[in-house]
There are 2 protein chains.
Amino acid sequence: MRPMELKPIAERFVLHWGEMGSRWGVNRTVAQVHALLYLAGRPMDAEEITETLGVARSNVSTSLKELQSWSLVRVVHLKGERRDHFETSADVWELFKLIVAGRRQREIDPTATALRECLANPAIADEEAGTRQRIEDTLKFIEIMSSLADEMLRYKPETLMKTLGVSARISQAIRRKE
Amino acid sequence: MRPMELKPIAERFVLHWGEMGSRWGVNRTVAQVHALLYLAGRPMDAEEITETLGVARSNVSTSLKELQSWSLVRVVHLKGERRDHFETSADVWELFKLIVAGRRQREIDPTATALRECLANPAIADEEAGTRQRIEDTLKFIEIMSSLADEMLRYKPETLMKTLGVSARISQAIRRKE
DNA sequence: CTTTTATTTCTGTTTTTACAGAAAAGTCTG
DNA sequence: CAGACTTTTCTGTAAAAACAGAAATAAAAG
């Protein structure tokens with residue numbers, strides 16, 4: 001099969017996204033695959049992704065599985081095609097919500113659990129009062145931020161902006177583009 | 001010098017924090033050093049940190065420099081002490097704001113710049129209309145989220161909760177602890 | 001059921017990152 | 001400014017992560 005050959009702008013986007021991914025603890029290839037599907041705006045099969053990105057087929061398979069486990073990518077079947085095809089949402093806000101939900105579940109919630117266990121552990125009595133207080137503060141903070149996130153993710157970002165009274169200049173700049 | 005010997009709960013906190021750091025693209029030792037200073041609630045010198053965490057002195061030096069560059073840790077001098085001592089804020093919300101500000105500056109802003117360059121590049125004409133649209137959407141989203149973050153970081157989280165109308169149950173649960 | 005095509009898992013290699021220890025540089029004190 | 005103390009930088013090593021290619025498995029077609 002002929003590689004898709006990314007055009008220069010798309011290539012820059014995909015590479016930058018990969019770079020950002022690795023700074024946030026996401027495998028570079030995983031981020032690239034997602035960026036590619038996002039930009040392509042149509043379902044692609046694993047082989048095409050492989051050749052477009054110039055990475056190993058196995059690598060793409062693993063990345064797609066990971067993206068699916070985060071609900072960022074889903075399988076679709078095209079009529080007359082045997083291969084699985086993969087697509088992602090074109091809605092940035094929806095993608096953001098999925099990412100936040102995923103990280104919360106995989107990282108924030110376990111942290112809150114760990115802190116609760118620390119505070120429930122009898123050994124907490126051996127720690128200084130200040131230490132205990134700071135652990136409590138941290139847990140409280142995480143709980144607040146979690147419910148805040150829940151709340152925020154219900155809105156569209158524009159609504160949020162309004163609610164919080166983001167400065168008129170910025171709001172206008174954004175509205176003008178719509 | 002005698003190592004501080006972390007007590008079990010503090011140790012768990014510090015180790016968990018290090019683990020979380022690495023999942024978010026922060027060096028494990030850097031995260032551990034910060035967690036330790038936070039829990040200790042008093043200035044510590046590099047030697048004490050080294051022995052408490054059981055890592056190399058050089059490693060601590062590098063981590064402290066990094067934390068200082070993020071404004072998360074500052075040097076203080078104790079009277080009668082020659083060594084530099086290091087401390088961090090005990091205010092979780094303040095720490096969070098510093099972290100967000102840092103990541104924004106180091107990662108979000110450059111991404112927005114990159115996207116603007118993509119859109120300003122004449123080569124954008126070679127891309128499909130849909131691709132261009134999605135890059136624009138992404139940039140717009142980043143801009144919105146950035147100003148949203150600016151706005152949010154002005155408040156204390158409790159105020160935010162109220163503004164957004166977080167459910168009474170949760171608010172109460174939080175208020176009760178205060 | 002055999003062949004072809006597609007996908008996943010496994011294994012070894014490469015690359016990157018983290019790290020320790022040593023050396024160097026800097027700082028303070030008397 | 002001599003000596004001791006402190007911090008940073010440098011260099012090689014170790015650990016971890018990413019990755020490619022091969023092998024194995026699974027699915028579909030004829």
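Nothing here was measured: the structure is a model prediction, and the numbers come from that model. To find a chain, count down the sequence lines: A is the first, B the second, and so on, and within it residues start at 1.
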Between A:R83 (CZ) and C:dT7 (P), how many Å, whole number? 7 Å

Give, for atom CZ of A:R42 and atom CG of A:L37, the distance between the pair rounded to the nearest 0.5 Å. 9.5 Å

Starting from the first five and the last five pairs of the helix from C:dC1-D:dG30 to C:dG30-D:dC1, work out the angle between the resulting helix axes, to 10 degrees. 20°

Measure across A:K97 and A:L153 and return the closest heavy-atom pair with its distance rounded to 0.1 Å. CD-O, 3.1 Å

Round to the nearest Å and state the distance from A:E51 atom CD to D:dA20 atom C1'. 15 Å

Please give, in whole Å, the distance from D:dT6 P to B:H77 NE2? 12 Å

If only atom types and distance count, is the side chain of B:Y38 paired as donor or acceptor with the main-chain N or O of A:R134 below 3.5 Å? yes

Output yes when a side-chain donor or acceptor of B:T62 lies under 3.5 Å from a complementary backbone atom of B:S58, and no otherwise. yes

Is it true that a side-chain atom of A:H77 and a backbone atom of A:V75 form a donor plus acceptor pair closer than 3.5 Å? no

Do the numbers put B:R23 on top of the ring of A:W24, so that NZ or CZ is under 6.0 Å from the six-membered ring centre and no more than 45° off the axis? no

Can you tabulate the close N/O pairs, meaning under 3.5 Å, that link protein atoms to atoms of nucleotides 10-18 of chain D?
from   : atom 1 : to    : atom 2 : distance (Å)
D:dA18 : O5'    : A:N27 : ND2    : 3.4

Does B:E127 use its side chain to pair, donor to acceptor, with the backbone of A:A10 at less than 3.5 Å? yes

May I have the distance from A:D45 (atom CG) to C:dT8 (atom P), rounded to whole angstrom? 12 Å

A:M44 has an atom CE; how far is it from atom P of C:dT7, in whole Å? 13 Å

Phosphate OP1/OP2 of C:dT9 contacted by A:K65 side-chain N/O (<4.0 Å): yes

Between A:T88 (side chain) and A:L72 (backbone), is there a donor-acceptor pair under 3.5 Å? yes

Between A:E117 and A:N121, is any side-chain donor less than 3.5 angstrom from a side-chain acceptor? no

Would you kindly compare B:D84 and A:R57 by the position of their nearest DNA chain D nucleotide and give the one closer to the 5′ end? B:D84

Could you give the CG-to-P distance, from A:L64 to C:dT7, as a whole number of Å? 10 Å

OP1 or OP2 of C:dT8 less than 4.0 angstrom from a side-chain nitrogen or oxygen of A:S61, does that happen here? yes

From CD of A:E47 over to P of C:dT8, roughly how many Å is that when rounded to an integer? 13 Å

Find the distance B:E81:CD to D:dT7:C1' and express it as a whole number of Å. 15 Å

